[in-house]
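What follows is a single structure, written as structure tokens, with notes after it.
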Number of protein chains: 4
Amino acid sequence: VTAQGTTNQEFIDQVAGRLFGERLESEKRTLTHLNDINLAHVIMLRETEIIEAGVADALLVKLLEIDARGIDALGDLSGNEGLYLAYEGSLIDELGIEVGGALHTARSRNDLGATIHRMHTRVQVMLLLDAVLGLRESLIHKARSHVATVMTGYTHFQPAQPVTLAHWLLAIEAALSRDTARLIAALDRTDALPLGSCALAGTDFPIDPSRTADLLGFGEILDNSLDAVAGRDYATETLAACAILATTLSRAATDLHVWYTHEFGYFTLPPALSGGSSIMPQKKNPVALEILKGRSAQAMSAFETTLMAQKNTSYSNVVDVNRESLRGFDSALEVTVDLVDLMHAVVDGMNVDKERMASQAAVNFSTVTLLTNFLVRERDYSFRAAYQLVKQVVETATQSGYASTDLTPQMLDDAAGRPLEIPDETVREMLDPERNINSLKYGSGPAPSWCSDILDRRAEDLKRDEAAIDAIAGAVHSNRRRLLEQAREIVSR
Amino acid sequence: VTAQGTTNQEFIDQVAGRLFGERLESEKRTLTHLNDINLAHVIMLRETEIIEAGVADALLVKLLEIDARGIDALGDLSGNEGLYLAYEGSLIDELGIEVGGALHTARSRNDLGATIHRMHTRVQVMLLLDAVLGLRESLIHKARSHVATVMTGYTHFQPAQPVTLAHWLLAIEAALSRDTARLIAALDRTDALPLGSCALAGTDFPIDPSRTADLLGFGEILDNSLDAVAGRDYATETLAACAILATTLSRAATDLHVWYTHEFGYFTLPPALSGGSSIMPQKKNPVALEILKGRSAQAMSAFETTLMAQKNTSYSNVVDVNRESLRGFDSALEVTVDLVDLMHAVVDGMNVDKERMASQAAVNFSTVTLLTNFLVRERDYSFRAAYQLVKQVVETATQSGYASTDLTPQMLDDAAGRPLEIPDETVREMLDPERNINSLKYGSGPAPSWCSDILDRRAEDLKRDEAAIDAIAGAVHSNRRRLLEQAREIVSR
Amino acid sequence: VTAQGTTNQEFIDQVAGRLFGERLESEKRTLTHLNDINLAHVIMLRETEIIEAGVADALLVKLLEIDARGIDALGDLSGNEGLYLAYEGSLIDELGIEVGGALHTARSRNDLGATIHRMHTRVQVMLLLDAVLGLRESLIHKARSHVATVMTGYTHFQPAQPVTLAHWLLAIEAALSRDTARLIAALDRTDALPLGSCALAGTDFPIDPSRTADLLGFGEILDNSLDAVAGRDYATETLAACAILATTLSRAATDLHVWYTHEFGYFTLPPALSGGSSIMPQKKNPVALEILKGRSAQAMSAFETTLMAQKNTSYSNVVDVNRESLRGFDSALEVTVDLVDLMHAVVDGMNVDKERMASQAAVNFSTVTLLTNFLVRERDYSFRAAYQLVKQVVETATQSGYASTDLTPQMLDDAAGRPLEIPDETVREMLDPERNINSLKYGSGPAPSWCSDILDRRAEDLKRDEAAIDAIAGAVHSNRRRLLEQAREIVSR
Amino acid sequence: VTAQGTTNQEFIDQVAGRLFGERLESEKRTLTHLNDINLAHVIMLRETEIIEAGVADALLVKLLEIDARGIDALGDLSGNEGLYLAYEGSLIDELGIEVGGALHTARSRNDLGATIHRMHTRVQVMLLLDAVLGLRESLIHKARSHVATVMTGYTHFQPAQPVTLAHWLLAIEAALSRDTARLIAALDRTDALPLGSCALAGTDFPIDPSRTADLLGFGEILDNSLDAVAGRDYATETLAACAILATTLSRAATDLHVWYTHEFGYFTLPPALSGGSSIMPQKKNPVALEILKGRSAQAMSAFETTLMAQKNTSYSNVVDVNRESLRGFDSALEVTVDLVDLMHAVVDGMNVDKERMASQAAVNFSTVTLLTNFLVRERDYSFRAAYQLVKQVVETATQSGYASTDLTPQMLDDAAGRPLEIPDETVREMLDPERNINSLKYGSGPAPSWCSDILDRRAEDLKRDEAAIDAIAGAVHSNRRRLLEQAREIVSR
């Protein structure tokens with residue numbers, strides 16, 4: 001009798017039931033992939049004459065029924081060994097062991113599970129890519145409306161130089177286009193078939209994996225059966241891409257969070273994306289941004305948790321890697337989709353206060369760098385000499401509580417120790433934020449002229465990425481249709 | 001129209017509904033804590049005359065009904081602002097705003113949420129402690145049966161010196177007793193009341209937090225209202241304790257996993273804790289151990305994920321910390337309970353092959369250290385000189401394919417370059433694993449004599465920990481009973 | 001010949017030299033601890049007559065010389081097996097194997113290394129505690145000057161209610177006092193002696209570990225020799241405490257970073273803690289705060305890295321745990337000291353703009369919660385009814401671009417739909433930030449009256465913590481003195 | 001006066017000196033990259049006539065001197081603002097502000113630092129790729145010798161089916177070839193020039209970034225100046241690739257560690273890669289494998305630490321990201337190189353006991369799956385029916401303590417309940433490990449025939465990867481040569 005007041009065996013059974021039993025439930029979500037694989041496997045086994053046509057056809061009829069009716073086409077599923085053996089058990093009950101028992105010829109749950117997870121990953125990553133493309137489109141769309149929306153650009157959260165809102169939006173979009181590339185690369189690495197590798201050692205049945213790959217829409221076959229059942233680096237690569245993406249989103253949300261403060265006041269959010277207080281009547285909390293920042297941690301850490309589960313395990317089929325390490329995989333991808341969609345909603349919904357943005361940029365000394373450059377170009381100062389002169393002017397001015405709009409030619413002359421002969425309107429012009437952004441057209445700066453070019457290029461890149469992803473998604477879907485057609489065609493002969 | 005083919009507003013609403021709406025569902029699990037807090041808060045508000053007795057009594061009647069009937073006592077709960085405002089809305093609908101609207105006087109969702117999470121943590125940690133004590137009891141129980149079960153002790157997974165199975169079991173138990181202490185310390189740090197801190201700035205209503213603390217069974221009141229709503233370090237401290245515990249379990253499982261291999265063959269597991277193969281008929285996979293090793297990663301990483309969510313947030317009430325960072329808290333504690341229970345089941349269920357253990361220890365040279373010590377004590381060698389002599393003997397012997405049982409006095413003489421005059425039976429004796437463990441009685445070694453003393457001490461420590469936890473649990477329960485009684489007593493006056 | 005164009009053996013030797021050789025260098029930093037342990041061990045071995053007095057005395061003379069002269073008292077140290085064997089080799093070279101070879105009697109590098117790391121941890125944690133106490137003192141000191149410095153309190157970075165700067169400073173101090181408690185707990189867990197546990201199995205020499213513990217100032221002896229060499233949870237517990245502390249510092253720095261922006265403008269930093277730009281003449285970047293935020297990640301992740309290295313290792317003496325997992329330990333503690341010192345410098349050096357703080361709090365509607373409470377107290381509204389009324393007033397006002405100072409009794413009457421008969425000066429008073437903080441004296445709020453009490457209590461707590469740490473440090477130092485005296489006394493007999 | 005007994009200012013200066021001062025030292029390692037960039041920048045500024053030819057030439061002469069003489073060509077470097085301003089200061093001291101002060105025209109430390117880190121990453125990743133290719137070559141080389149070395153293949157560390165050592169070696173090599181692809185992808189993403197983006201907003205000087213890119217050997221120019229200074233995802237992508245690689249190495253090391261145990265006894269390590277004990281004379285600890293397993297945690301966690309530092313920072317130039325988050329970058333890459341080299345040394349140095357491997361595979365029932373398949377092919381059983389029959393045979397046999405070599409046709413008949421008429425030699429043959437591996441030629445199994453084909457393909461892939469990396473490295477080197485030549489040519493005109 002243990003602490004729990006049960007006999008040992010009862011305690012053991014209770015714990016095992018609780019911890020092993022959940023496997024069946026969680027695997028039920030992958031029934032479609034399992035059934036598709038079974039269809040392809042049986043067609044291949046029939047063609048290679050590893051199983052007899054009659055047996056194969058009886059199986060195919062049932063598999064097509066499962067495809068049509070789903071889980072209800074199977075009897076009671078139970079046990080602690082997961083979906084496949086419960087599924088096979090149901091087939092054996094219905095079709096007899098000579099038919100139902102033939103399905104698993106020349107394979108194992110190891111290569112089966114590896115194949116299911118790759119098919120599942122393919123779908124999950126495409127859903128994520130869809131969301132990412134939506135956000136990128138939204139950023140580009142918003143940027144088009146803000147090509148000339150002048151705002152303060154910050155470094156270290158200190159006013160640096162004027163930029164445009166479009167410039168910030170396109171910086172985020174640039175990062176997301178690299179995230180897209182990383183996710184597509186992960187998808188590409190996922191596209192290799194482990195089926196046929198069986199337990200870890202392949203088989204002595206003369207199977208035709210290239211036929212199975214073709215039926216299931218895989219572009220490649222893994223050439224080492226041990227690697228095929230042991231490796232899950234396509235999954236960790238996917239999670240790394242999610243983590244990097246989530247980090248960028250947390251950074252973008254941090255900018256927005258600061259800009260949303262009462263003190264900056266650069267934009268408001270629609271009621272659906274903000275929240276009130278239960279006690280303070282005046283509150284409009286940027287809940288959407290806080291969720292973005294906080295929840296990104298989950299997408300950022302799933303990679304590490306997965307690696308940690310895989311650390312110091314055998315490079316083979318082991319439960320630690322093939323089930324435990326991937327326990328958080330789906331939730332990491334779903335959280336990443338949520339983050340992307342939430343940022344998409346924020347970008348769509350943000351209501352920008354252009355006047356506030358522009359007026360801040362006019363007074364906070366963010367324009368003095370171009371005044372410095374003017375001295376280099378027009379008054380023959382070296383850059384550092386000009387910089388020191390302007391620095392002195394700014395220090396004197398701020399000590400007197402002046403804004404940048406208060407700077408005068410005289411102050412420059414005083415600092416220079418000689419008349420620089422700069423007309424007042426030139427100083428005004430140099431310090432004008434709008435003129436600043438129009439001048440900042442080199443080095444990929446915010447100038448509207450450059451920005452418009454970039455916008456077109458980005459829209460094209462987006463289209464290219466959409467086409468690439470549509471091609472993959474289309475192939476997956478048409479393949480599936482073709483697989484079912486072939487199965488139907490065989491049984492209808 | 002966005003990528004999703006919806007207007008912006010529809011997309012925004014859909015995303016907000018999906019991401020904000022889940023809050024209500026997840027908070028429903030904490031209804032009991034919320035209702036208890038409301039009871040205590042209303043009693044305090046009534047006693048301090050902040051709200052009128054009539055209003056208070058009407059509220060208490062309803063709160064007692066909710067306590068009795070649960071969520072069904074509330075009408076339709078809905079909205080994106082979580083449980084409390086839905087709950088209050090339901091009260092206002094039923095009792096009118098003058099009564100229902102009085103419940104939230106002198107508090108906020110911020111201190112309320114902080115208090116709920118501390119009460120929740122208290123319960124979760126006690127459940128975990130219960131499981132840990134069960135495992136410790138099981139280890140001590142098993143150790144009692146294996147005080148004299150000789151086995152090879154390994155360092156670096158190489159045979160080192162003989163120990164007993166009890167020695168290993170008690171090493172794990174020692175680590176777990178420190179984990180217990182860390183969890184109790186975290187529980188202690190959790191035991192401080194934030195209620196009354198309101199949004200972040202306390203209140204100008206003359207509340208009596210010490211009365212509320214007393215009614216809710218909190219031992220302390222937090223003395224800074226900003227800290228009270230901002231800090232969640234009791235929760236991260238709890239997760240750190242779980243992570244350290246899970247690491248130890250992963251290490252214990254690693255020892256067992258290696259000992260379970262066909263090549264070591266030290267024990268078997270009951271069918272409930274192992275698994276077969278779908279293809280290889282001979283398989284008995286140690287699934288329980290693989291789950292332990294793999295799933296420990298989840299308990300190990302939840303701390304980091306939580307900190308990451310809290311990083312670079314305001315030290316105040318923010319969604320990132322108070323909701324997002326704690327999203328994985330429950331699952332981390334549940335996973336830790338699962339790990340502890342699973343190790344408990346493994347320890348209970350393992351079937352030890354004592355003969356195999358003993359026979360391996362006899363042949364694998366793990367006993368030569370005591371032969372070395374013999375030369376120090378009886379032949380006047382310094383330790384290093386004796387070590388070098390025996391090292392040479394072992395090298396020669398292993399090159400000839402000998403086992404440690406094959407060593408002879410002659411071999412020692414040959415290495416020494418002189419007759420050491422050690423009788424053959426002395427060499428036998430020195431190399432006997434059982435004699436080894438009986439001699440290893442200093443420095444907390446495995447000697448059965450020392451082990452028996454320790455077992456008694458550990459049993460006492462366990463009792464002490466059980467008493468401490470029972471006291472806390474008892475206080476929580478009796479407090480709750482007392483709270484309900486007081487509420488009933490007030491309304492029945 | 002390998003890719004590197006070397007024969008295999010050369011490549012192997014080069015890699016081994018590079019990776020194993022660094023051990024000696026890194027262990028040299030712990031020479032003092034090693035030598036102290038050797039002194040204590042030899043005294044104990046002499047007293048228990050495990051080694052002869054003459055041998056012991058010869059060793060003690062040399063050990064005292066090493067204590068006096070340091071590493072120079074040893075000859076050339078080399079090899080890939082770390083400090084101890086090099087050190088012993090040097091002793092054997094000088095004193096002969098009969099003396100030098102006796103030092104390692106009844107112990108192993110395993111218990112030795114475990115003991116050294118605990119002594120090292122003791123020192124490192126005390127250095128960190130010293131820095132933490134310094135920061136806490138600085139916070140309390142600064143708070144004393146700002147008990148009445150009104151500022152906006154934020155939740156979600158939105159104006160919430162007025163607080164004082166002292167209130168924020170004391171919130172951080174409260175968190176740090178819990179960090180102190182956690183570090184002291186870790187120090188306490190470190191205070192147990194592993195020496196005598198030898199390789200993993202204790203010894204058959206009749207050693208007296210309690211004597212060694214006494215000589216080395218350890219309060220406890222570990223009672224299981226396997227646990228003693230396998231466990232490092234005192235170290236991971238220490239790292240968890242550092243991680244939690246660093247998270248709090250990152251949060252405090254985040255508040256300060258936002259307050260430092262041009263738009264908030266609440267304080268400036270001295271030149272030593274800020275940085276300029278190489279291009280933008282106006283820049284004053286808060287580099288100290290960015291370092292604090294960024295570098296905290298290192299202190300936050302060292303725990304996880306350490307656990308990861310320990311995952312799935314044998315619960316025994318293994319290189320993964322005892323060396324590899326602790327590779328980042330020192331740097332994590334040093335980084336934490338840096339973070340604490342840097343925050344200390346920031347708190348000391350920040351130059352607060354009280355007027356700016358006060359003027360912002362006056363206009364940003366952060367005072368309307370107390371106006372709401374007024375309606376509850378004086379106009380018989382339930383809290384929720386009053387809240388709804390004020391919410392409507394604020395919404396109307398902000399739509400008209402009003403500040404909170406613009407609110408009038410008429411606006412309240414309009415929202416109420418009836419005359420509330422609130423004098424204009426009462427509305428002014430309710431909306432006055434200074435009056436707000438004076439009223440917020442319940443629920444641990446910012447009221448100067450409450451704050452002053454708390455300040456005294458915190459100063460006392462700080463003194464208590466200082467005394468506790470001084471006691472530990474004093475004991476460590478006096479113990480060391482006593483150890484050396486005893487050794488000197490023995491050899492001078 | 002603070003706790004440290006210093007005035008505030010002294011304490012502040014001391015902390016700032018300690019924490020800011022280290023920047024200069026750490027940046028000195030990148031002097032070559034800085035100087036190369038300066039050369040390219042000046043040539044571009046001269047060609048675009050942004051600075052005068054005379055000024056440019058004076059600068060180029062000095063820069064070429066720095067290239068030749070290194071850091072000694074610069075005067076005293078000091079200050080808390082890092083290498084660049086110290087370097088520029090030295091130039092101004094020597095050449096005057098009109099020349100030295102012109103170097104920084106049309107750029108900032110922000111784009112400069114971003115460019116330096118990309119050039120640095122390029123070098124570091126190529127060093128790592130070099131090591132990875134070396135390990136892959138070693139694995140292929142070793143595999144060629146072990147195409148027919150039969151050993152037990154394990155799943156869950158239980159005997160599964162026979163494989164060959166080559167099969168395992170090639171599984172690891174397959175994973176490493178994907179790691180190579182990920183590192184090359186990261187290298188590709190690194191190959192984009194940020195220079196010209198200046199602080200964050202580009203410039204109004206008419207610079208020619210494509211010319212600079214050409215001079216520095218960058219293939220692409222970043223098209224958004226904010227993204228250019230803010231983004232470091234090429235670096236995190238690199239760290240993710242290292243983490244995935246390190247995880248695989250930890251898994252390979254785990255297999256080897258278990259195989260190295262006394263109980264498995266599959267191979268030995270050369271003395272250089274193993275270690276002894278200071279107390280136990282018989283020890284041969286696999287230190288190399290333990291370092292591999294333990295230290296992999298550092299490479300695995302650097303990604304997470306880096307992301308954590310970047311979390312919730314502004315998407316702009318900030319110290320948290322651009323300096324703090326990358327503090328562990330170099331050490332992560334160096335550790336990864338160490339791990340790869342150490343595994344390379346282990347693979348080169350391992351001395352395999354083929355007989356032990358083969359004899360274990362013969363007795364541990366790992367061959368019964370092919371016996372099962374035989375029943376399917378030759379006795380018309382469905383797979384599941386055959387499996388159940390063999391499972392029963394194995395259970396009966398193991399209960400009697402039989403090895404797989406003891407199985408007889410009679411046992412099969414008994415289980416089948418009818419004579420199966422299988423000749424004894426057929427049973428022998430089916431259960432022979434060597435025959436097993438020869439048959440396992442489908443599904444990418446271990447059959448030597450398949451393995452030989454794969455070996456050739458892998459050797460080709462390796463050559464292709466070597467060529468790709470050589471091309472990149474060659475381009476980097478020849479570019480640098482070209483850059484220096486152009487500079488020399490200009491100044492010698």
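The structure displayed is predicted, hence computed values, not measured ones. Below, chains carry the letters A, B, ... as their sequence lines are ordered, and counting in each starts from 1.
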[X], part contacting chain C, at a heavy-atom distance under 4.5 Å:
{"X": "Ala288(D)", "result": "both"}
{"X": "Glu81(D)", "result": "side chain"}
{"X": "Arg107(D)", "result": "backbone"}
{"X": "Ser108(D)", "result": "both"}
{"X": "Ser277(D)", "result": "backbone"}
{"X": "Val340(D)", "result": "neither"}

How far does [atom1] of [X] sit from [atom2] of [Y], to the nearest 0.5 angstrom?
{"X": "His257(D)", "Y": "Asp320(C)", "atom1": "NE2", "atom2": "CG", "result": "7.0 Å"}
{"X": "Gln310(D)", "Y": "Lys293(C)", "atom1": "CD", "atom2": "NZ", "result": "13.0 Å"}
{"X": "Arg251(D)", "Y": "Asn312(C)", "atom1": "CZ", "atom2": "CG", "result": "11.0 Å"}
{"X": "Leu112(C)", "Y": "Ile279(D)", "atom1": "CG", "atom2": "CD1", "result": "11.0 Å"}
{"X": "Ile291(C)", "Y": "Arg323(D)", "atom1": "CD1", "atom2": "CZ", "result": "5.5 Å"}
{"X": "Glu324(D)", "Y": "Glu290(C)", "atom1": "CD", "atom2": "CD", "result": "9.5 Å"}

Shortest non-hydrogen contact from [X] toward [Y]:
{"X": "Ala309(D)", "Y": "Gly294(C)", "value": "CB-O, 3.6 Å"}
{"X": "Ala16(C)", "Y": "Ala272(D)", "value": "CB-O, 3.4 Å"}
{"X": "Ser301(C)", "Y": "Thr305(D)", "value": "OG-OG1, 2.8 Å"}

Options Gly17(D), Gly276(D), Pro270(D), ranked by heavy-atom pairs under 4.5 Å with chain C, top entry: Gly276(D)

Option in Lys283(D), Met280(D), Gln298(D) with maximal non-hydrogen atom pairs under 4.5 Å from chain C: Gln298(D)

Residues Arg18(D) and Glu334(C) bridged, charged N to O under 4.0 Å: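 Looking at Arg18(D) and Glu334(C), the cut-off is not met.
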
Test: Glu22(C) and Arg295(D) ion pair at under 4.0 Å: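 A salt bridge links Glu22(C) with Arg295(D).
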
His104(D) side chain near Ser278(C) side chain, heavy-atom distance below 4.5 Å: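 Of all side-chain heavy-atom pairs linking Ser278(C) with His104(D), at least one is under 4.5 Å.
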
Option passing side-chain contact (heavy atoms from CB on, under 4.5 Å) with Val15(C) (candidates Asp338(D), Asp341(D), Leu273(D)):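 Only one of Asp338(D), Asp341(D), Leu273(D) forms a side-chain contact (heavy atoms from CB on, under 4.5 Å) with Val15(C), namely Asp341(D).
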
Working for side-chain contact (heavy atoms from CB on, under 4.5 Å), residues Arg23(C) and Val287(D): CA-CA 12 Å; Arg23(C) 181 179 174 188; Val287(D) 177; over 6 Å; no

When Arg109(C), Met300(C), Lys311(C), Glu304(C) are compared by non-hydrogen pairs under 4.5 Å with chain D, the top option: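 Answer, by heavy-atom pair count under 4.5 Å with chain D: Arg109(C).
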
Val337(C), part contacting chain D, at a heavy-atom distance under 4.5 Å: both

